[in-house]
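Note: hydrogens, waters and symmetry copies are ignored here, and every other heavy atom, side chains too, is used. In what follows, chains carry the letters A, B, and so on, assigned in the order in which the sequence lines appear, proteins first and then strands, with residues in each chain numbered from 1. The model shown is predicted, which means the values in this text are computed figures rather than measured ones.
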Protein chains: 2
Amino acid sequence: MRATIQRQIIMDTLARLHQHATAEEVYQAIHAQHPTISKATVYRNLQAFAQQGDLVSLQIEGDATRYDHRLALHYHFVCKQCDAIFDVDITPVEHINQNVQEQYGFEVDTHEIVFRGICPACAANQNKHSNT
Amino acid sequence: MRATIQRQIIMDTLARLHQHATAEEVYQAIHAQHPTISKATVYRNLQAFAQQGDLVSLQIEGDATRYDHRLALHYHFVCKQCDAIFDVDITPVEHINQNVQEQYGFEVDTHEIVFRGICPACAANQNKHSNT
DNA sequence: ATTCATGCAAACAATTTGCACGATC
DNA sequence: GATCGTGCAAATTGTTTGCATGAAT
């Protein structure tokens, strides 16, 4: 993999952007500063980085693929109301990889966990509206 | 929600089909028997069912949304090689919902876990090919 | 010099939507 | 009979691809 300016910029931008950005968001942010960098390059490279493990791709919402530059094992929480995605840093339950491996014979490399529910902000809003 | 023949057929078909079918697959299966049922109806209703909790939607692979009619809490394993999706029935780790709730203040309803690795069939293949 | 990456625009795939008509309550 | 659901085709959205040119090794 060659070291191109584009790749550098893409990585920098994702890190600078709020986490869990979509390819489109990364492209827009880049485009503002570097109008010549194409969308195809952004898509291609985010994907390539993810494949190499330099980035993690997430398909948690219904919409677009999101990219996360935090490589350390962590989980995610998605608010059913506002669709916001939050990082969840609880103690990893790595032992379950082992469980699955033993029970099914799969070679388990990784696991991802997505929690769903209501975030504090939305919970507060609901209460406010239901007060009569 | 009204009881239409289409909805009945969609539910029946998903149950009959191998699990984790895409909307397109459900549509194709239905179309063979009932050519007048439209793709839009299949998409609309799978989505509606998922929203009501009569079905679970999965965004695990890069491609299309998949639907699962098994409502009991279970997890999934995706083979990195062949992209097949397997059900994983290990003891649910429900207590982690509690952990996240306490640590972050989220109201946690559910969690999903996706394991990734190599399935036995693909593992066997790799060994075969690397034997020299 | 060779090989790989980029930019552009066109192609694709999955999904959604507007609207007139038909079915369910 | 009023309302909600369906079918159709067209519109969107997210993403990928072919190809000629430019950049990195």
> For the residue pair Cys79(B) and Cys119(B), what are the closest heavy atoms and their distance?
Replying inline: SG-N, 3.4 Å
> Regarding Asp12(A) and Gln8(A), is there a side-chain donor-to-acceptor distance under 3.5 Å anywhere?
Replying inline: yes
>> Applying a 4.0 Å non-hydrogen cut-off, can you work out what Arg44(A) is touching in the nucleic acid: base, sugar-phosphate, or nothing?
In response: base
> Heavy-atom contacts under 4.0 Å between residues 22-39 of chain B and DNA chain D, which residues?
Replying inline: Thr36(B), Ile37(B), Ser38(B)
>> Going by side chain to side chain contact (heavy atoms under 4.5 Å, CB included), Val93(A) matches just one of Ile90(A), Ile96(A), Thr91(A), Asn97(A). Which one?
In response: Ile96(A)
> CD of Gln6(A) versus P of dG22(D): gap in Å, rounded?
Replying inline: 14 Å
> Contact class for Asp63(A) vs. all strands (heavy atom < 4.0 Å): base, sugar-phosphate, or nothing?
Replying inline: nothing
> Asn45(B) CG to dG5(D) P: how many Å, rounded?
Replying inline: 8 Å
Contact list (N/O, under 3.5 angstrom) for nucleotides 9-12 of chain D vs protein:
none

Considering only distance and modelled atom types, tabulate donor-acceptor pairs under 3.5 Å from the side chains of residues 43-55 of chain A, sequence neighbours left out.
unit_1	atom_1	unit_2	atom_2	d
Asn45(A)	OD1	Arg7(A)	NE	2.8
Asn45(A)	OD1	Arg7(A)	NH2	3.3
Asn45(A)	ND2	Thr41(A)	O	3.0

> Taking only residues two or more places apart in sequence or in another chain, which ones pass salt bridge (charged side-chain N to carboxylate O under 4.0 Å, His left out) with Asp63(A)?
Replying inline: Arg66(A)
> Is the backbone of Thr65(A) close enough, under 3.5 Å, to the side chain of Gln59(A) for a donor and an acceptor to pair up by distance?
Replying inline: no
> So, is Thr4(B) near the phosphate of dT6(D), with a side-chain N or O under 4.0 Å from OP1 or OP2?
Replying inline: yes
> From the 5' end of DNA chain C to its 3' end, which nucleotides mark the outer limits of contact with chain B, defined by a 4.0 Å heavy-atom distance cut-off (strictly under)?
Replying inline: dA14(C) to dC25(C)
>> Going by side-chain hydrogen bond (donor to acceptor under 3.5 Å, both in side chains), name the residues that satisfy it together with His69(A), two or more places apart in sequence or in a different chain.
In response: none
> Do Phe86(A) and Tyr104(B) have their ring centres less than 6.0 Å from each other?
Replying inline: no
>> Taking the axis from the first five pairs and the axis from the last five, what angle separates them in the helix from dA1(C)-dT25(D) to dC25(C)-dG1(D), rounded to 10 degrees?
In response: 40°
> Starting at the 5' end of DNA chain C and moving along, which residue's nearest nucleotide shows up first, Arg2(B) or Thr41(A)?
Replying inline: Thr41(A)
>> Rounded to whole Å, please give me the gap between CZ in Arg66(A) and C1' in dT13(D).
In response: 14 Å
Distance-only check: which donor-acceptor pairs under 3.5 Å involve side-chain atoms of residues 14-27 of chain A, not counting sequence neighbours?
unit_1	atom_1	unit_2	atom_2	d
His20(A)	NE2	His76(A)	NE2	3.3
His20(A)	NE2	Asp87(A)	OD1	2.9
Thr22(A)	OG1	Glu25(A)	N	3.0
Glu24(A)	OE1	Lys39(A)	NZ	3.0
Glu24(A)	OE2	Gln28(A)	NE2	2.8
Glu24(A)	OE2	Lys39(A)	NZ	3.4
Glu25(A)	OE1	Thr22(A)	N	2.9
Tyr27(A)	OH	His31(A)	ND1	3.2

> Asn99(A): what forms a side-chain hydrogen bond (donor to acceptor under 3.5 Å, both in side chains) with it, not counting sequence neighbours?
Replying inline: none
> Is the phosphate of dT16(D), meaning OP1 or OP2, less than 4.0 Å from a side-chain N or O of Tyr43(A)?
Replying inline: no
> According to the salt bridge (Lys or Arg N to Asp or Glu O under 4.0 Å) rule, which pairs have a member within residues 96-114 of chain A, sequence neighbours left out?
Replying inline: Asp109(A)-Lys80(B), Glu112(A)-Arg116(B)
> Who passes side chain to side chain contact (heavy atoms under 4.5 Å, CB included) against Val56(B), sequence neighbours left out?
Replying inline: Leu58(B), Asp68(B), Leu71(B)
> Partners of Tyr67(A) by ring-ring contact (aromatic ring centres under 6.0 Å, His included), sequence neighbours excluded?
Replying inline: none
